[in-house]
Every structure is written in structure tokens, then in C-alpha cells.
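What follows is a set of notes on a single structure, which appears directly below.
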Amino acid sequence: MNVAAARRRVPIRLAPIAIAAVTMTVFLGLFVAPTDRDQGAVQRIMYVHVPSAWLAYLAFFVTMVGSAAYLWRRELRFDRLAASSAELGLLFTGITIMSGAIWGKATWGVWWDWDPRLTTTAVLFVVYAGYLLLRSSLIDRIRRARISAVLGIVAFINVPVVHFSVLWWRGLHQPPTIIRPGDPTIDHFLLAVLLVNVASFTLLFAYLLRRRIDLEAMRDRAESWLGDVQ
Amino acid sequence: MSDMTFIIAAYAVVLGGLFAYAISLIRRGRGAARRLSAIESRYDDTAARPEVVPAREPETESDPQSP
């Protein structure tokens, strides 16, 4: 595959769709959704905070699936998928932590607390930052893929721990309102807006993931050329 | 700080983070494409590929005194 072909593979048409969807997300969250009875206007942070958290889960799930697929099939395209998704997961986890800190300051009065949900999310961030650091420290391409795949599977164990931490331990963070035993405890209209926002963020995730995979493919191709020469 | 300040700050963090990442991804992609293009154009000529370099060695290392 030459550079022109690599560029053609980038889903250009997905970009305006994803941008339009995220713009709609902002509009819905700020102007359409009704003000929450208990928290007031500051609850509108939920429309960007929760989709970011879910996308982090999804990204790490994709990393786990890509890692398992690599160990099974030994094809580098699965390793590229895992690495690309891990970077995006790290981005969304960072965004979740920062937007959550702002929401926490507004509702709890503190930017940070060693609450189980916050602490496990911080651990998740550090683990996947370690995953990416490990990748960058391994020169041999096959060894990098193999070791990263093992870590990509093991690291995913922390995702359910993050999600259920609010049920397993007491803390400041509220328990889950949607993915929980029984019916969602959120108003149906708020839930609809939230789900639209999750869909918009997922579109953006798909676009960024595709671009990131293409970048990884170009790097691999450059590495293989230089490997031939050395 | 008012509620609106917190809301604007949170949206700025999320959208700003995503925007910054997208820009960085586009820039890295262009950089990688340029690098790959340079490498490919350097070695795309089959005469310069590593596989054919040994074939040229006898010519360059031949003894000029020999007939």
C-alpha cells in the first residue's frame, strides 16, 4: 500500500458527520435538555462527562479484543487496532477525570477526593499510560505486539472494577443510573439526550480510531522499509 | 464561581481536548505520510533497493589493474 492509498483509506466523509454530531451534542446538552431538579444547571456537565467515560470503556474493550485477536491470529493489524484504541481510551479517560473534577468542585466542593470511583479511574489512566510507554520502549515489532497484547488483556480487568466500584464501596460518587440492576433511575428525556450524545461521541471515536490506525499502519510500513535497509 | 462557569469550563475541557487530539492526529498523520513518501521514493527505484546492492559490488570493487 503506497501513501496515496493510505490517505484514501482515511474516512474523510466521517469527519464532517462526527463534527456535526458533536456540535449537536453541545446544543442538546446546553440548550435543549431541561434543568435538573436537584443539581440545577451544573448537571449539564453530565452530557459530556458520561459519554467520555463510556467511550473510555469502549476504547479499552476494543484494545482487549484487538489484543486477544493478535495473540490468536498473530496479525499486526490487530495490534495496530489495540494500540490505537488504547491511546483514544487514555484521551477519553483524561477528559473524564478533568470534567469530573470540575463537576465535583461544583457539587461536592472539592476538585478531587480519594473516592473509589475516582481512585480506580486514576489507576486505569496510569495503567494504560504504562501500556503506551511500554509499547514505545520495545523496539522489536513482534515482541512489542506480543507483550502489549498480554498487557492489553490484563489491563482490561480494571474497567469493570471502575464501573462497579460505586456499588462495591462507599464514596462520594453517585451509583450508576443506567447500567445497573433494575430500571434506569434517570428521567426518560434526559436519558434520550444522553444516549444521543453517546452516539455522537461514538461517531467521533470511530473517526479518530480509523485515522489513528492509518497512522500506525504508515509507521509500520516505514519501519519495515527501514528494517529492510538495515 | 457560578454554575455557568463550571459548565463552560467542563465543555471547554472536553471539546478542547478532543479538538487538540484531532489536530495532533492530523499533524502526525501528515508527518508519517511525508516520511513514508520520502522513504518509498528513495527505495522505490529497484536499482537502489538493498536486494540489488550486492550485485553492484563486484563492479565497484573490481581491480583497476586487471585487464
Side-chain angles (χ1 to χ4, degrees), chain A residues 2-4 6-7 10 15 18-19 22-23 25-26 29-30 35 39-49 51-52 84 87-88 91-92 94-103 105-107 201 204-205 207-208 211-212 214-226 228-230, chain B:
Chain A
N2 60 23
V3 177
R7 280 179 176 160
V10 175
I19 291 168
V22 171
T23 308
T25 295
V26 174
L30 289 180
T35 304
Q39 288 193 31
V42 80
Q43 178 269 345
R44 293 176 191 281
I45 294 173
M46 177 188 77
Y47 299 113
V48 286
H49 174 73
S52 303
S84 303
E87 190 179 284
L88 279 165
L91 168 77
F92 280 107
I95 285 174
T96 303
I97 290 172
M98 290 177 73
S99 59
I102 295 167
W103 196 1
K105 178 64 180 172
T107 54
F201 271 61
L204 183 67
F205 169 77
Y207 170 69
L208 293 173
R211 280 207 85 116
R212 184 64 184 78
D214 285 343
L215 170 63
E216 201 67 20
M218 283 190 280
R219 283 180 174 167
D220 270 354
R221 187 159 171 80
E223 260 185 52
S224 70
W225 271 103
L226 294 175
D228 281 347
V229 174
Q230 284 161 1
Chain B
M1 283 194 284
S2 70
D3 280 0
M4 196 46 68
T5 310
F6 286 117
I7 293 168
I8 291 169
Y11 275 70
V13 161
V14 174
L15 299 176
L18 292 173
F19 182 74
Y21 181 78
I23 295 294
S24 113
L25 199 51
I26 290 167
R27 288 175 66 92
R28 281 190 289 167
R30 284 180 184 163
R34 264 200 305 273
R35 184 162 174 257
L36 182 57
S37 181
I39 293 169
E40 283 186 338
S41 63
R42 187 185 302 168
Y43 297 110
D44 218 17
D45 175 15
T46 50
R49 290 196 65 165
E51 289 81 5
V52 297
V53 168
R56 287 184 168 184
E57 282 175 2
E59 292 174 20
T60 54
E61 292 177 4
S62 61
D63 184 1
Q65 301 299 320
S66 65

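Worth knowing before you read on, the calculation uses all heavy atoms, side chains too, and leaves out hydrogens, waters and symmetry mates. Just so it is clear, the structure is predicted and the values come from calculations on it, not from any experiment. Chain letters run A, B, ... following the sequence lines, proteins first and then strands; every chain starts at 1.
- Taking A:Ile19, A:Thr25, A:Val26 one by one and counting their heavy-atom pairs under 4.5 Å with chain B, the maximum is reached by A:Val26.
- Annotation: maximal heavy-atom pairing with chain B below 4.5 Å, among A:Ser99, A:Ser52, A:Ala41, A:Gly100, occurs at A:Ala41.
- Around the CE atom of A:Met98, the shell of radius 6.0 Å holds no more than 12 heavy atoms that belong to other residues, nucleotides or ligands.
- With a 4.5 Å cut-off on non-hydrogen atoms, A:Leu30 touches chain B through its backbone and its side chain both.
- Note that CD1 of B:Ile26 and CZ of A:Arg211 are 5.0 Å apart. Values are rounded to the nearest 0.5 Å.
- Contacts between B:Arg35 and chain A at a heavy-atom distance below 4.5 Å involve the side chain alone, from C-beta outward.
- Separation of atoms CG (A:Leu215) and CG (B:Leu25) is listed at 6.0 Å; rounding is to 0.5 Å.
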> Is there a side-chain contact (heavy atoms from CB on, under 4.5 Å) between B:Arg28 and A:Arg219 once you walk through the steps?
Replying inline: CA-CA 10 Å; B:Arg28 281 190 289 167; A:Arg219 283 180 174 167; 3.8 Å; yes
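- At a 4.5 Å heavy-atom cutoff, the contact between A:Ile45 and chain B is made by backbone and side-chain atoms alike.
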Table please: side-chain donor-acceptor pairs of residues 3-15 of chain B below 3.5 Å, with sequence neighbours left out.
residue, atom, partner, partner atom, Å
B:Thr5, OG1, B:Ser2, OG, 3.0
B:Tyr11, OH, A:Arg44, O, 2.9

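- Contacts of A:Val22 with chain B are made by side-chain atoms alone, with heavy-atom separations under 4.5 Å and no backbone atom involved.
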